[in-house]
Structures are given as structure tokens and as C-alpha cells.
Amino acid sequence: MENFNPNAGYQNSQPMDEAESFIQATLLPGLEQLRNELTRYGREGTISRDENSAALAVTLNGQPEAEYRVRVTDRIPSPNLSMKNDNGENESMGGYFSHEVSAYTIDDLPAQEIVNWYIEQQRYQLEKR
């Protein structure tokens with residue numbers, strides 16, 4: 001996704017060790033699990049990370065298909081999925097990982113929810129077509 005700067009305008013205020021611990025223990029394993037699942041459907045994925053986020057860039061036949069980034073801000077992990085629509089334009093979907101009536105924090109988000117959110121967004125996009 002060219003010209004996309006996921007860090008623009010964000011500052012991270014939680015202690016680095018908490019965010020780092022979440023990224024290492026939950027976020028990266030979740031993205032790795034998703035990458036492995038996507039290979040079953042002919043996709044390839046590259047995982048990258050920065051100070052307060054990690055991303056999975058997904059390609060199909062060598063062409064960019066999607067970028068899934070999870071950013072941690074104030075102990076809240078926020079997902080964002082950017083992908084090309086049928087017209088070749090970038091669409092971005094974001095929000096929060098939530099359960100019941102509140103958002104997950106870095107203390108209680110399971111890695112499987114990282115996978116589930118991506119799959120739910122992909123299903124939603126397919127249903128729109």
C-alpha cells in the first residue's frame with residue numbers, strides 16, 4: 001500500500017514494556033497464525049513492526065492485496081485493514097477489538113481475536129460485492 005504512513009499523527013503514551021510485551025506475546029503470534037492460514041488460500045504475507053504496532057502485508061500472485069495493522073495506544077489495541085476494492089481504490093476499515101460491551105485491552109485480547117477480526121472484515125467486504 002504505497003504512500004500509506006501508519007504512524008502519521010499518533011503518539012504512544014503507555015509504558016514501552018507493556019506495549020512491547022503485548023506485541024511480542026500476543027500480536028505477533030496472532031499475525032503469524034493469520035499469515036499461516038492465508039497461505040492455504042494462495043496468499044503470502046510479510047509481518048513488520050514498529051514501536052507501537054505490527055502489520056501483516058498480504059499479497060496474491062505478487063500483487064498487494066491488503067495491509068492489516070494493529071496499533072497499541074493507551075493500552076487499547078486498534079485494528080485497521082486497508083485493501084483494494086473492485087475499482088482498485090484503497091478502502092480502510094478500522095475500529096476496536098471488542099467483546100460483550102467493552103473494548104479489549106492489551107491485558108485481555110487473545111491472539112485468536114486478531115485472526116477473527118481480519119476474517120470478519122474480509123467476509124463483510126465479500127458480502128458487499
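These numbers were taken from a predicted model, which means no experiment stands behind them.
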Derivation of the side-chain contact (heavy atoms from CB on, under 4.5 Å) call for E65 and T59: CA-CA 5 Å; E65 183 176 64; T59 59; 5.8 Å; no

Given side-chain contact (heavy atoms from CB on, under 4.5 Å), test Q122 with M83 step by step and report yes or no. CA-CA 9 Å; Q122 287 285 14; M83 57 191 294; 3.2 Å; yes

Decide yes or no on side-chain contact (heavy atoms from CB on, under 4.5 Å) for I114 and F97, but give the supporting numbers first. CA-CA 8 Å; I114 295 165; F97 298 101; 4.2 Å; yes

What verdict does the side-chain contact (heavy atoms from CB on, under 4.5 Å) test give for R35 and R43, after you've listed the backbone C-alpha separation in whole Å, the side-chain angles of each residue and the deciding distance to 0.1 Å? CA-CA 8 Å; R35 177 172 65 177; R43 271 81 177 159; over 6 Å; no

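Of the listed residues (L56, L38, L31, V70), just one forms a side chain to side chain contact (heavy atoms under 4.5 Å, CB included) with Y118, and that residue is L38.
I119 and W117 fall within the same hydrophobic cluster, where Ile, Leu, Val, Met, Phe, Trp and Tyr residues are linked whenever their side-chain heavy atoms come under 4.5 Å apart, directly or through other members.
Donor-acceptor pairing under 3.5 Å is lacking for the side chains of T73 and N52. Between the side chains of S53 and R69, at least one donor N or O lies within less than 3.5 Å of an accepting N or O. Side chain to side chain, E120 and N116 fail the donor-acceptor criterion of an N or O pair below 3.5 Å. For the residue pair T39/N36, the side-chain donor-acceptor check at 3.5 Å is not satisfied. Between E20 and Q24, the side chains place a donor N or O and an acceptor N or O closer than 3.5 Å (distance only, hydrogens not considered).
In plain terms, the two heavy atoms of L81 and A66 that are nearest each other are CD1-CB, 3.9 Å. Here the closest non-hydrogen pair linking S78 and Y96 is OG-CE2, 3.4 Å. For A54 against L27, the heavy-atom pair with the smallest separation is CB-CD2, 3.6 Å. Counting all heavy atoms, side chain and backbone alike, P77 lies closest to L109 at CG-CD2, 3.7 Å. Residues M93 and E91 share a closest heavy-atom pair of CE-O, 4.1 Å. Taking every heavy atom of both residues into account, I106 and A19 meet most closely at CD1-N, 4.4 Å.
For E44, the CD atom sits in a loose shell: 12 or fewer heavy atoms of surrounding residues, nucleotides or ligands are nearer than 6.0 Å.
Taking CZ from F22 and CG from L28, the interatomic distance works out to 9.5 Å, rounded to the nearest 0.5 Å. Expressed to the nearest 0.5 Å, how far CG of N90 lies from OG of S92 amounts to 8.5 Å. Between atom CG of residue N87 and atom CD of residue E89 there is a gap of 5.0 Å, rounded to the nearest 0.5 Å. In this structure, NZ on K84 lies 9.0 Å from CD on Q63, to the nearest 0.5 angstrom. One distance of note links CG of N80 with CZ of R71; it measures 8.5 Å at 0.5 Å rounding. The distance from the OG atom of S98 to the CD atom of E113 is 8.5 Å, given to the nearest 0.5 Å.
A 4.5 Å side-chain heavy-atom check between I47 and E32 finds at least one atom pair inside the cut-off.
For R123, the salt bridge (charged side-chain N to carboxylate O under 4.0 Å, His left out) criterion is met by no residue, not counting sequence neighbours.
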